[in-house]
Amino acid sequence: MEIEGREKERLRMVETQIAARGVRDERVLSAMREIPRHLFVPESYQSAAYNDSPLPIGKGQTISQPYIVAVMTELLRLVPADKVLEIGSGSGYQAAILGKLAQTVVTVERIPEVAEMARANLARVGITNVTVATGNGTIGYPEGAPFDGILITAATPSVPAPLIDQMAEGGRLVAPVGSRDLQELVRLTRQGERITRELFGGVVFVPLLGEHGWQE
Ligand code: SAH
């Protein structure tokens, strides 16, 4: 009952906030129609889950605005056989969307209680191809590398070098890069030793903390 609830709100979110603003990838749109975002926010925010904004999820962290989730996912250009790494699990919502589009996903979260929440949320909605690892994501996840897609969902002063090293041939990496207050969405693509870099506009994320991110 709860899983099926709020479907009308969710479909309206996808049409008015995401498709209307230019996200065209049908696989991304249908993943966002399917995953019940309201089950990834604290109960007191469930009625706001389909609003056009980020929301607090506890421990000073946030679940990103739905449109930004869609844009970053589309930029990754995932195909069903892909292996994906996300840094910054938060609620687990972005990882659930990635799980719908790729073969396997590893998502790394620094705060143990937040990682536990992401695990519980993912289990509740029946996503089984996403692993939540607790640790410092600025060093990536060497034991699972290389990855076809890497998504950093926290603000970083520059793309951590270990993550670039963990990109597969033809792999894509998407990240908010800039200052603590404002970042730009960056996509890196690997072709052999050559990394191309494209920019996709301003965003605001909570900081990526640790060795290759911001000082704690
Ligand atoms: N993708 C999430 C939102 C991310 S919020 C969602 O869908 O809800 C950013 C998250 O990055 C926070 O949970 C924060 O604790 C985490 N984070 C910050 N620095 C990190 C690091 N070095 N390694 C892993 N996670 C980190």
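Keep in mind that this is a model prediction, so the values were computed, not measured. We count ligands from 1, going down the list as the structure has it; atoms in each ligand are counted the same way.
Every residue meeting the ring-ring contact (aromatic ring centres under 6.0 Å, His included) condition with Y93, not counting sequence neighbours, appears here in chain and number order: F40. For R21, the salt bridge (charged side-chain N to carboxylate O under 4.0 Å, His left out) criterion is met by D52, not counting sequence neighbours. When the side-chain hydrogen bond (donor to acceptor under 3.5 Å, both in side chains) test is applied to T107, the partners found at least two apart in sequence or on another chain are E86, S89.
The backbone N or O of G171 sits nowhere less than 3.5 Å from a side-chain atom of R190 that would complete a donor-acceptor pair.
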Could you give the N/O to N/O pairs under 3.5 Å linking ligand 1 and the protein, each with its distance?
{"unit_1": "ligand 1", "atom_1": "1 (N)", "unit_2": "E86", "atom_2": "OE2", "d": "2.9"}
{"unit_1": "ligand 1", "atom_1": "1 (N)", "unit_2": "G88", "atom_2": "O", "d": "3.0"}
{"unit_1": "ligand 1", "atom_1": "1 (N)", "unit_2": "T153", "atom_2": "OG1", "d": "3.1"}
{"unit_1": "ligand 1", "atom_1": "7 (O)", "unit_2": "Q94", "atom_2": "N", "d": "3.0"}
{"unit_1": "ligand 1", "atom_1": "8 (O)", "unit_2": "S91", "atom_2": "N", "d": "3.0"}
{"unit_1": "ligand 1", "atom_1": "8 (O)", "unit_2": "S91", "atom_2": "OG", "d": "2.6"}
{"unit_1": "ligand 1", "atom_1": "13 (O)", "unit_2": "E109", "atom_2": "OE1", "d": "2.7"}
{"unit_1": "ligand 1", "atom_1": "13 (O)", "unit_2": "E109", "atom_2": "OE2", "d": "3.3"}
{"unit_1": "ligand 1", "atom_1": "15 (O)", "unit_2": "E109", "atom_2": "OE2", "d": "2.6"}
{"unit_1": "ligand 1", "atom_1": "19 (N)", "unit_2": "L209", "atom_2": "N", "d": "3.0"}
{"unit_1": "ligand 1", "atom_1": "22 (N)", "unit_2": "N136", "atom_2": "OD1", "d": "3.2"}
{"unit_1": "ligand 1", "atom_1": "22 (N)", "unit_2": "L209", "atom_2": "O", "d": "2.6"}
{"unit_1": "ligand 1", "atom_1": "23 (N)", "unit_2": "G137", "atom_2": "N", "d": "2.8"}
{"unit_1": "ligand 1", "atom_1": "25 (N)", "unit_2": "R110", "atom_2": "N", "d": "3.2"}

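Counting heavy atoms from C-beta outward, T73 and R27 have side chains that stay 4.5 Å or more apart.
In this model, a donor atom of one side chain and an acceptor atom of the other lie less than 3.5 Å apart for N136 and T138.
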